[in-house]
Amino acid sequence: MSSPTSLGSCLCVRVQPLGDADLIVTLLSAELGRVDAVAKSARSSRKRFGGSLRLFSELDVNLGHGRGRLPVLATTSERRAWLGDSVGYDQLCLASYAAELALCASQPEHADVPLYLWLCDAWSLAAGSVQGVLRPLRLAIDVTWLRVMGLLPDLEACVRCGAHLDEGAVWAHAGQGLLCRNCAEGSAQRIGLDVLLGLRALSARGLDAEVARHLPSAGLRSVEERVAQLVAQAVSTPLRSAVALRAALAND
Amino acid sequence: MQLPQAIERLSSLLARLPGVGERSAQRLALHILKQEPAYAEALSGALAGLHSGVRFCERCHHRATANLCGICSNPHRDASLLCVVEDVPDLLALERSGEYQGLYHVLHGVLSPLRGVGPRDLTLEALVRRIDAEAPAEVILATSISVEGEATASYIQSLLRNRPVLLTRIASGVPQGTDLEYLDQGTLGRALRARHSLLRP
């Protein structure tokens, strides 16, 4: 039998039951991208994995060879877990949403360190979320994910004339950029300068919880909707957790 | 080698059962064929009667053959205790322990945004209605010790916040017969947080 291969540190993104006692674990490896592996007897015995195969945790992983198509998890040890004992449903929705976004963006055998670090930050943000701030946190996750994917519109300059957006902006009807006051079309809803500054801070500093929590609430709804549209266009299939998150947002 | 279509068909159906792969399914199909024909008839009769003969208990959502399951219709069970479990196998495991004589409520899953399971997909509304109607003294949350199990327990806690009921969570920590040195940090941490006192000054 060949010796296990070290996969290094991985994020546990998805866990699905397989048969009576096994699990299929989807990992995001900093070095190897998305990896699916079978955790044999993970549901019936705690001998091999103990409690270390938790969703939304960072693990050190060694892979072995199985008889099937997928590799088998040989050993795992937990480095850190973001969602603890008293996790709330809102936190679960947010962490799941980030996990699904990361899955959409990841590929097998394709290292993506920025995506890996983004997901760590997103889970950290989800773990710190409290009732009433779900909306800006979701927006922060969307904006920074678009940035990691290279899909975030330019928040500094008008997409049409190139003028600096120092008095707020409006979304362009066509395309995915922002327009200055002079180039604004029709009655598009205006993005205030304070909101724009918040988005720029997120873009520059990444998923900073303080920036996300202090996004101005006024005028955020239209930005949220437009950013959510950009995310929906970028992912190939609708996200299951987006439905749950929408419902949680309605109660937030 | 090709097998007759009847065997292939049965194998493909058996392979959809949890824990049964293609080769096991084929072995099972050939094993059934080796038995007396009466066995195959009894098996097909049992399968055919499964859906028509089994329903959900209208009180606890366990599987039942009448409106109420065997546990809910048993007058000797302690109706002041209500244990909330994820699914029927969990209920059966608790019954096997022999430690619990109260009633159950089966959720039929846990909250899982990743799998598209939300509060409306579980029997949560029925649980709240039942607690209001039956007023148990204690509700024990026995969902799994996982992120999704914990979030489900936390959600139920929020649903029952203003109701006069003692809400408890099953203990978790060191499994019996395990050396502490082999435990992962999460399990050990939980065990320490959930410690109980033996003597008080």
Side-chain angles (χ1 to χ4, degrees), chain A residues 12-22 26 43-47 49-57 59 67-68 76-100 103 123 127 131 238-248 251, chain B residues 15-24 86-87 89 93 109-122 124 144-159 169 171-194:
Chain A
C12 183
V13 184
R14 190 165 55 194
V15 174
Q16 296 166 289
L18 174 70
D20 274 347
D22 303 342
T26 304
R43 288 153 67 210
S44 62
S45 164
R46 298 178 63 83
K47 278 183 189 160
F49 303 111
S52 69
L53 268 184
R54 282 201 284 177
L55 260 180
F56 316 129
S57 64
L59 312 165
R67 286 189 301 173
T76 59
S77 66
E78 189 177 286
R79 291 165 70 110
R80 57 179 160 169
W82 280 272
L83 300 188
D85 301 349
S86 52
V87 52
Y89 182 54
D90 291 355
Q91 293 171 316
L92 179 67
C93 288
L94 211 54
S96 303
Y97 179 66
E100 270 201 282
L103 280 177
W123 284 348
Q131 201 165 23
L239 305 182
R240 283 175 164 175
S241 50
V243 178
L245 188 57
R246 255 199 311 276
N251 297 324
Chain B
R16 285 162 56 179
L17 295 172
V20 180
E22 274 177 37
R23 274 183 292 184
S24 298
E86 280 178 28
D87 225 326
V110 277
L111 295 172
S112 175
L114 282 171
R115 278 179 262 167
V117 181
R120 287 175 186 211
D121 300 307
L122 307 179
L124 289 168
S144 59
I145 310 297
S146 63
V147 173
E148 291 168 338
E150 292 292 350
T152 306
S154 165
Y155 190 84
I156 294 171
Q157 186 184 357
S158 68
L159 288 178
R169 180 88 173 102
S172 66
V174 183
Q176 201 167 9
T178 306
D179 290 345
L180 290 190
E181 65 175 309
Y182 295 115
L183 279 181
D184 63 283
Q185 61 200 47
T187 306
L188 203 49
R190 290 185 72 103
L192 274 171
R193 286 193 295 278

**Study point:** Interface residue of largest heavy-atom contact number with chain A, from B:Gly21, B:Pro119, B:Gly149, under 4.5 Å
**Key:** B:Pro119
Check your understanding: Do B:Pro113 and A:Leu92 come close enough that some side-chain heavy atom pair is under 4.5 Å?
Key -> yes
Practice item. Under 4.5 Å, counting heavy-atom pairs only, tell me which of A:Ala244, A:Pro17, A:Ser96 racks up the most with chain B. Key: A:Ser96
Point to revise | Residues which pass ring-ring contact (aromatic ring centres under 6.0 Å, His included) with A:Trp82, listed by chain and number, not counting sequence neighbours | key: A:Trp123
Point to revise | Side chain, backbone, both or neither of B:Pro89 within contact of chain A (heavy atoms, under 4.5 Å) | key: neither
Revision key, fill the gap. For A:Arg240 and B:Gly116 the tightest heavy-atom approach is CD-N, 3.8 Å
Study note, to complete from the structure: So CG of A:Asp90 and OG of B:Ser154: to nearest 0.5 Å the spacing works out to 9.0 Å
Practice item. Under the side chain to side chain donor-acceptor pair (under 3.5 Å) rule, collect the residues that match up with B:Arg190, sequence neighbours excluded. Key: A:Asp85, B:Glu150, B:Ser172
Review point. Can you tell me if CD on A:Gln16 sees more than 12 non-hydrogen neighbours from other groups inside 6.0 Å?
Key: yes
**Study point:** Contact class of B:Arg169 relative to chain A, heavy atoms under 4.5 angstrom
**Key:** neither
Check your understanding: Quick one: OH on A:Tyr89 to CG on B:Leu159, what's the gap to the nearest 0.5 Å?
Key -> 11.5 Å
Exercise for review: Identify the heavy atoms of A:Leu55 and B:Glu148 that sit nearest to each other, and give their distance.
Suggested key: CD1-OE2, 3.6 Å
Review point. Could you give the distance from CG (B:Leu114) to CG (A:Leu103), rounded to the nearest 0.5 Å?
Key: 7.5 Å
